[in-house]
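Remember, it's a predicted structure, so these values are computed and weren't measured experimentally.
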Amino acid sequence: MEKEEKVVYERPHALLPVVTNYCPGCPHGIVNRLVAEVMDELDIEGKTVGVAPVGCSVMAYDFFGCDMIEAAHGRAPAVATAVKRVHPDNVVFSYQGDGDLASIGMAETVHAATRGEKITVIFINNAIYGMTGGQMAPTSLPNMVTQTSPYGRDVESAGFPVRVCELLSTLDGVAYLERVTVDTPKNVRAAKKAIKKAFQTQIDGVGYSMVEVVSTCPTNWGLTPQKSFEWMRENMLPYYPLGVYKDVVADGFATAAEAAAARAADCPIAQQKKEA
């Protein structure tokens with residue numbers, strides 16, 4: 001008697017059956033899969049629009065089954081804003097690295113967040129410019145050696161790293177922020193849960209949502225994938241602690257705007273209702 005086989009793990013429908021261009025050991029592939037799994041589970045592939053800017057994510061339009069748009073370096077939040085405003089019923093996300101999001105795209109990042117644009121951002125933080133050769137990024141750690149900081153990042157001349165979740169958590173338009181990583185099966189499951197919540201936050205019209213994934217870059221760090229995760233755990237996670245940095249729904253509010261109004265309760269002009 002033949003045993004019946006049960007499929008317990010297969011490629012998500014929203015992830016196309018193509019070979020990716022990521023380096024061996026790069027966590028981008030894991031995160032791509034999680035985003036695709038979430039699209040499948042929420043049944044939104046047909047109404048989702050992704051935005052891929054310049055960086056290691058530049059070829060993401062070849063990997064996802066949803067509609068994709070290519071954006072100029074750093075401009076993904078601006079492009080995502082335009083798409084969401086023209087097509088408010090669509091689910092719109094950008095997929096960005098730290099050099100793109102926190103350097104050339106910092107203005108777009110901050111202003112899309114403070115406007116409360118109902119988009120979702122998947123942010124890969126590997127503390128370096130990956131695609132362009134390993135230069136120092138806004139997230140590179142103090143004393144971290146990169147192609148443009150061969151003696152280590154000097155905070156006196158280059159400033160301190162940008163903690164993006166902490167920065168955006170101060171903005172009233174932000175509904176949900178969480179920092180995760182994908183170095184273990186447990187953390188991969190937690191990352192997927194965060195990504196799903198971020199997409200659901202957008203679907204429910206709560207406000208801007210972002211998931212930051214603390215990641216590695218074995219190629220530019222000059223380490224094996226295993227050693228890269230060890231270095232990340234020892235150095236990056238103490239500087240970029242995992243956790244939820246903002247969740248207005250958990251705080252008892254229906255939307256980011258409602259939470260903002262509560263914080264401005266003592267400001268008379270902020271409480272004025274706009275006439276129709």
Query raised in the report: Considering only heavy atoms from C-beta outward, does the side chain of T114 approach that of D172 to under 4.5 Å?
Result: no

Query raised in the report: Under a 4.0 Å N-O cut-off, is there an ion pair linking K192 with E37?
Result: yes

Requested in this report: Would you kindly confirm whether F123 and V188 end up in one hydrophobic cluster when ILVMFWY residues are joined by side chain heavy atoms under 4.5 Å apart?
Outcome: no

Requested in this report: Identify, with sequence neighbours excluded, every residue that meets side-chain hydrogen bond (donor to acceptor under 3.5 Å, both in side chains) alongside E178.
Outcome: Y176

Report task. For N187 and V182, run side-chain contact (heavy atoms from CB on, under 4.5 Å): C-alpha distance rounded to whole Å, both residues' side-chain angles, the deciding distance at 0.1 Å, then the answer. Result -> CA-CA 5 Å; N187 283 338; V182 291; 5.8 Å; no

Query raised in the report: Any donor-acceptor pair under 3.5 Å linking the side chain of R163 with the backbone of T139?
Result: no

Report task. Please report the C-alpha distance between I122 and V35 in whole Å, then the side-chain angles of each, then the deciding distance to 0.1 Å, and finally whether the side-chain contact (heavy atoms from CB on, under 4.5 Å) criterion is met. Result -> CA-CA 9 Å; I122 308 300; V35 172; 4.2 Å; yes

Report task. Answer yes or no on whether R179 is positioned over the face of Y240, meaning its NZ or CZ is under 6.0 Å from the six-membered ring centre and within 45° of the axis. Result -> no

Requested in this report: Would you indicate whether the side-chain heavy atoms of M106 and L101 approach each other to under 4.5 Å?
Outcome: no

Report task. Tell me, with the steps shown, if E230 and K227 meet salt bridge (charged side-chain N to carboxylate O under 4.0 Å, His left out). Result -> CA-CA 5 Å; E230 290 174 7; K227 289 292 183 182; 3.6 Å; yes

Query raised in the report: Would you say E117 and K84 make side-chain contact, with heavy atoms under 4.5 Å?
Result: no

Query raised in the report: With distance as the sole test, does T201 use its side chain to make a donor-acceptor pair with the main-chain N or O of V206 at under 3.5 Å?
Result: no

Query raised in the report: How about Q272 and C267: do any of their side-chain heavy atoms sit closer than 4.5 Å?
Result: no

Report task. Would you kindly say whether N143 and Y151 are connected by a side-chain donor-acceptor distance under 3.5 Å? Result -> no

Query raised in the report: At their closest point, which heavy atom of V211 faces which heavy atom of A194, and how far apart are they?
Result: CG2-O, 3.6 Å

Query - Side chain to side chain, V18 and F63, heavy atoms closer than 4.5 Å - result: yes

Query raised in the report: Regarding R33 and the six-membered ring of Y9, is the cationic atom NZ or CZ under 6.0 Å from the ring centre and inside 45° of its axis?
Result: yes

Query raised in the report: Between S228 and W221, is there a donor-acceptor pair closer than 3.5 Å when you use the side chain of the first and the backbone of the second?
Result: no

**Report entry** With L177, the side-chain contact (heavy atoms from CB on, under 4.5 Å) member among D247, V244, L168
**Finding:** L168

Report summary line: Taking every heavy atom of A190 against every heavy atom of V180, the minimum-distance pair comes out as O-CG1, 4.3 Å

Query raised in the report: How about M68 and V49: do any of their side-chain heavy atoms sit closer than 4.5 Å?
Result: no

**Report entry** Any I128 side-chain heavy atom under 4.5 Å of Q135 side chain
**Finding:** no

**Report entry** Check: D100 side chain, Q96 main-chain N or O, donor-acceptor pair, under 3.5 Å
**Finding:** no

Report summary line: Between D98 and A127 the two heavy atoms that sit nearest each other are OD2-N, 3.4 Å

Query raised in the report: Between V155 and P142, is any pair of side-chain heavy atoms under 4.5 Å apart?
Result: yes

Query raised in the report: Are the side chain of N90 and the backbone N or O of V92 linked by a donor-acceptor pair below 3.5 Å?
Result: no

Query raised in the report: If you look at every heavy atom in P53 and Y95, which pair is closest and at what distance?
Result: CD-O, 3.1 Å

Report task. For the pair F93 and F64, name the ring-plane relationship: parallel under 30°, tilted 30 to 60°, perpendicular over 60°. Result -> perpendicular

Query raised in the report: Is the backbone N or O of E258 less than 3.5 Å from a side-chain atom of T255, with the two atoms forming a donor-acceptor pair by type?
Result: yes

